[in-house]
Number of protein chains: 2
Amino acid sequence: MICRLIIADDHVLFNDAIKTMLEQEQGIEVVGQVFSGEKVLAAVKREEPDLILLDIKMPGMTGIEVAGAIRDCYPGIRIMILSMYDDKRFVQECKKYNVHGYMLKNASREELVNGIWTVMEGRPYYAAGLGEKVNIHQQDDFIRRYNLTKRELEIIRLVKENYTAQDIADRLFLSVYTVETHRRNINLKLGIKNTLALVKFAEDNEI
Amino acid sequence: MICRLIIADDHVLFNDAIKTMLEQEQGIEVVGQVFSGEKVLAAVKREEPDLILLDIKMPGMTGIEVAGAIRDCYPGIRIMILSMYDDKRFVQECKKYNVHGYMLKNASREELVNGIWTVMEGRPYYAAGLGEKVNIHQQDDFIRRYNLTKRELEIIRLVKENYTAQDIADRLFLSVYTVETHRRNINLKLGIKNTLALVKFAEDNEI
DNA sequence: ATAGAAATACCGACTTGTCGGTATTTCCCC
DNA sequence: GGGGAAATACCGACAAGTCGGTATTTCTAT
């Protein structure tokens, strides 16, 4: 089997390096390189590749948007997301859009090539330990590390989404007092002084 | 001239791909690959390379920390930062630490190779339009787009760093009232309701 | 030189967050 | 089934942010 593919990644060096690497593989031919989301569709039209290696964060359109567009216009073309982010939401969204594969940028060369051929054979390729499981695991780790409870974690997530204590109380059918108590306990456990610090902490720990 | 180098980047695929790419270059030899900040020093000790390609964001130690340690122990070894981020602070810090080069991951293959040889010849290599100039440009764009003033931008940056209005007032030798007035005007111009939203806005727009 | 923008400053009122203490109920493990 | 953790709830006090209005001084560009 031969795989004609396009690489879509705005990091030129990464894009080039992957190209160089894949050109050494038997049966893989890099027929195009693009460096922004908008240009993917034009390149696909021009080359009609078998597969697209697609970064998520690109200027213009995100990889997930591009994937949706390609699925609609060219259902035969395989799509492999190539992302830095092992993010539950991204992975879930990809599954929702029927993206064929999701590979992390800290995969090895062998994994990438295996993934490409897996997807080419029509099977989905989602790297082991990707998405939900990992996140649940991380969540457990986090709870243990800081002695947080489930409720506290739930409230951290809502605080991060910029809900006020009152908002959270309404949403969870609690008293504002309760929410504030939880927040106080959270701050105590994490050694935090204010909302902003909590949000940054949560983002740093990818809650 | 021959350049024996180590690649330090936690994204395995990128690391491998760069290795593959550089191995095709005359005179460049990849003598080591590491995937975390802590392991760089051991590899340096083992291989005593001429140059290190160093990512900034790595688990364990940041590239900038590593650079400092290497400069102290092995002043002869050239360091080239290879980062995604065209961030003023990173670039300034690298200059402060006398890092020899700073290359963006969206450079081209030619640029990378040129940069490596430039640094090998003892000259600094900081990609064109890097650091201050670029940031000033971005800053101007931002000011124009949202009709912000310099003072307002200054205050946004401090708010982002989790300073309270009082802190900012102390720092800039202003009255709290003044700072609050600025903040109100900022919120008005950006259509923002609270501190957290402002911080997120600032982060999204890379202020 | 002068008009308009920017920066500075203040007041009062209200909201939201932080922190101290305290107390009851609910749930789960041994 | 009993004990401890978790979740729920309240009060008061103070700190910080939000918002309305207003006013003076300092730049700056025409």
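Order of the sequence lines sets the chain letters (A, B, ...), proteins ahead of strands, with each chain counted from 1.
Rounded to whole Å, the distance from CG on A/N187 to P on D/dA15 is 18 Å. Going from atom NE2 of A/H182 over to atom P of D/dA9 covers 8 Å, rounded to whole Å. In this structure, the CG atom of A/N185 is 11 Å from the P atom of C/dG20, given to the nearest Å. Spacing between atom CD of B/E180 and atom C1' of C/dC10 amounts to 11 Å, rounded to whole angstrom units. The CD1-P distance, from B/I156 to C/dA7, rounds to 12 Å in whole Å. Whole-Å rounding puts the B/N194 CG to C/dC14 P distance at 21 Å.
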Exercise. When you look at A/D10 and A/K57, which way does the salt bridge (Lys or Arg N to Asp or Glu O under 4.0 Å) test go after all the steps?
Worked result: CA-CA 8 Å; A/D10 61 320; A/K57 281 210 178 174; over 6 Å; no
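Heavy atoms of B/Q166 sit nowhere under 4.0 angstrom from any nucleic acid atom. Residue A/T164 is classed as a sugar-phosphate contact, given heavy-atom separations below 4.0 Å to backbone atoms only.
Taking a cutoff of 4.0 Å between a charged side-chain nitrogen and a carboxylate oxygen, A/E154 and A/R157 do not qualify as a salt bridge. Ion pairing between B/K189 and B/E152 holds under the 4.0 Å rule for side-chain N and carboxylate O. By the 4.0 Å N-to-carboxylate-O rule, B/K19 lies too far from B/D9 to be salt-bridged with it.
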Close N/O contacts between protein and nucleotides 21-25 of chain D (under 3.5 Å):
from	atom 1	to	atom 2	distance (Å)
D/dG21	N7	B/R184	NH2	3.3
D/dG21	O6	B/R184	NH2	3.2

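When the side-chain nitrogen and oxygen atoms of B/T178 are compared with OP1 and OP2 of C/dA9, one or more of them lie within a distance under 4.0 Å. Side-chain nitrogen and oxygen atoms of B/Y177 include none within less than 4.0 Å of the OP1 or OP2 phosphate oxygen of C/dT8.
Residues B/I186 and B/L198 meet the side-chain proximity criterion, which asks for heavy atoms closer than 4.5 Å.
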For this session: Any chance you could encode DNA chain C as dot-bracket? Rule is Watson-Crick or G-U wobble with both distances under 3.5 Å; [ ] for pairs crossing earlier ones, | for another strand.
Result: ||||||||||||||||||||||||||||||
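Judged purely by distance below 3.5 Å, without hydrogens or angles, the side chains of B/D170 and B/Q166 pair a donor atom with an acceptor atom.
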